[in-house]
Asker: 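Quick one: the structure is below, and I'll ask about it shortly.
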2 protein chains.
Amino acid sequence: MTMNLSLTDIQQTFRDCGLKSTPQRTAIYQALVHSTAHPTAENLFTQVSPAYPMLSLNTVYYTLGVLRKAGLVQEVNVGHDRARFDANLSPHHHVICLGCHAILDVMDPRLNRLSSPLGIPKDFEITSHQVAFRGYCGTCRRSRSSMTTSPSGKRPAIQ
Amino acid sequence: MTMNLSLTDIQQTFRDCGLKSTPQRTAIYQALVHSTAHPTAENLFTQVSPAYPMLSLNTVYYTLGVLRKAGLVQEVNVGHDRARFDANLSPHHHVICLGCHAILDVMDPRLNRLSSPLGIPKDFEITSHQVAFRGYCGTCRRSRSSMTTSPSGKRPAIQ
DNA sequence: TTGCTACATAGGAATCATTCCTAAACAGGA
DNA sequence: TCCTGTTTAGGAATGATTCCTATGTAGCAA
Ligand SMILES: [Mn+2]
Ligand SMILES: [Mn+2]
Ligand SMILES: [Zn+2]
Ligand SMILES: [Zn+2]
């Protein structure tokens, strides 16, 4: 989330990347830029839909693909379930709640400079790294401590 | 991969965990223990099938679920595509090839003691962390450097 | 050793996120 | 304004994983 990015800023960004500026694309990217929740495609669809009732989930996927190829969006590779998206491009890390699958940003510059890993093949070229901290958020921690015989765990909504 | 674990060792492990010891379960776990490739369910199915022609992929999934609940196996949460499994329970990290999706272990103890992250809610309880290094393995690096107009990228097989 | 029972297996169907396909709409440049 | 390649919407297809269920069997107790 690069602070409040106005509609015209976004359109300029698209122009800079050689991307056509359509209302749907703009709305989807704007929703993502203004979120820190690392929403899923469907989250974005749900959020943008009211303003564009004809919007297709398909378009959300297509748009995210385009934005990813343009380098404006990254997939947060955490869990193998549904994809989570992030418009925060600065190098950063994540804390993941094992209960509700919330993902929080960790902007800790100390983590950006880890020693390169020992014991991997010499010809392996590392281009980036990311630290994933896992645990339980306050909400999930409280629900677990009560019901010891947890039915299946509460899930505070994403986004 | 905890060094060569014999069949009887595995059966003992199952007994210790209160798990029934069936031929399929034993074969699946043994295949996983002896692999460092972080195979998928289907990889394990393919590997174990010849010895158990009646084996169902379903059973592989069920078995991995049981082993996971017993704490004998972890899912390597890297990418949101298909699940990768790991019987290496000691704290360690991974290098992931963006070309062929190979996953290598990084047993670097320096990475096991990272400073706890700044700027997250006080009531968030971190239970573990893992570093994911990304890049390109030698094979993939060579294939990319040649075909600049890469058709879609070669994929050296997993496992 | 035998029988019981809860757990395991196999196979098929169901689910669900994501991708593919295609016709119609449209942004942006000529 | 017109053209063309991109984008969109909707529907179908894909593919990993889960669900359902009948049958099989490991482990325990008699
Ligand atoms: Mn982030
Ligand atoms: Mn590993
Ligand atoms: Zn939580
Ligand atoms: Zn590779």
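Values in this document were obtained by computation on a predicted structure and should not be read as measured data. Below, chains carry the letters A, B, ... as their sequence lines are ordered, and counting in each starts from 1.
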Asker: Calculate the interatomic distance between A/Arg15 atom CZ and C/dA27 atom P; express it in whole Å.
Answerer: 13 Å
Asker: Provide, to the nearest angstrom, the distance between the CG atom belonging to B/Asn58 and the P atom belonging to C/dA10.
Answerer: 9 Å
Asker: For nucleotides 3-7 of chain C, print each protein N/O atom paired with a nucleotide N/O atom at under 3.5 Å, atom names and distance only.
Answerer:
residue : atom : partner : partner atom : Å
C/dA6   : N3   : B/Lys20 : NZ           : 3.4
C/dC7   : O4'  : B/Lys20 : NZ           : 3.4

Asker: For A/Thr22, which contact category applies under a 4.0 Å heavy-atom criterion: base, sugar-phosphate, or nothing?
Answerer: sugar-phosphate
Asker: Distance check needed: C/dA17 C1' versus A/Leu64 CG, whole Å only.
Answerer: 13 Å
Asker: Counting C-beta onward and ignoring hydrogens, is there a side-chain heavy-atom pair between B/Thr26 and B/Leu7 closer than 4.5 Å?
Answerer: yes
Asker: Check the distance between C/dC16's C1' and B/Arg82's CZ and give it to me in whole angstrom.
Answerer: 17 Å
Asker: Rounded to the nearest Å, what distance is computed from the CD atom of residue B/Gln24 to the C1' atom of nucleotide C/dA10?
Answerer: 9 Å
Asker: Start at the 5' end of DNA chain D and walk down; is the nucleotide closest to B/Tyr61 or to A/Thr59 reached first?
Answerer: A/Thr59
Asker: Can you list, pair by pair, the side-chain donor-acceptor contacts under 3.5 Å of residues 111-125 of chain B, counting residues two or more places apart and other chains?
Answerer:
residue  : atom : partner : partner atom : Å
B/Asn112 : OD1  : B/His93 : NE2          : 2.8

Asker: Step by step, work out the side chain to side chain contact (heavy atoms under 4.5 Å, CB included) result for B/Arg84 and B/His101.
Answerer: CA-CA 10 Å; B/Arg84 306 283 290 262; B/His101 301 153; 4.0 Å; yes
Asker: Rounded to the Å, how far apart are A/Leu57 CG and C/dC16 P?
Answerer: 14 Å
Asker: Indicate yes or no: at least one non-hydrogen side-chain atom of B/Asp105 is less than 4.5 angstrom from one of B/Asp86.
Answerer: yes
Asker: If you assign B/Ala83 and B/Pro23 each to the DNA chain D nucleotide with the nearest heavy atom, which residue ends up on the more 5' nucleotide?
Answerer: B/Ala83
Asker: Reading DNA chain D from 5' to 3', where do the contacts with chain B start and stop? Cut-off is 4.0 Å to heavy atoms.
Answerer: D/dA16 to D/dG27
Asker: Per the ring pair (Phe, Tyr, Trp, His ring centres under 6.0 Å) rule, what does the pair list look like for residues 6-26 of chain A, sequence neighbours excluded?
Answerer: A/Phe14-A/Tyr29
Asker: According to the salt bridge (charged side-chain N to carboxylate O under 4.0 Å, His left out) rule, which pairs have a member within residues 66-80 of chain B, sequence neighbours left out?
Answerer: B/Arg68-B/Glu75
Asker: Side chains of B/His129 and A/Arg134, heavy atoms from C-beta outward: is any pair under 4.5 Å?
Answerer: no
Asker: Show me the pairs that pass side-chain hydrogen bond (donor to acceptor under 3.5 Å, both in side chains) and involve residues 6-23 of chain A, at least two apart or across chains.
Answerer: A/Ser6-A/Thr8, A/Ser6-A/Asp9, A/Gln12-A/Arg15, A/Gln12-A/Asp16
Asker: Side chains of A/Leu19 and A/Arg25: does their closest heavy-atom pair fall under 4.5 Å?
Answerer: yes
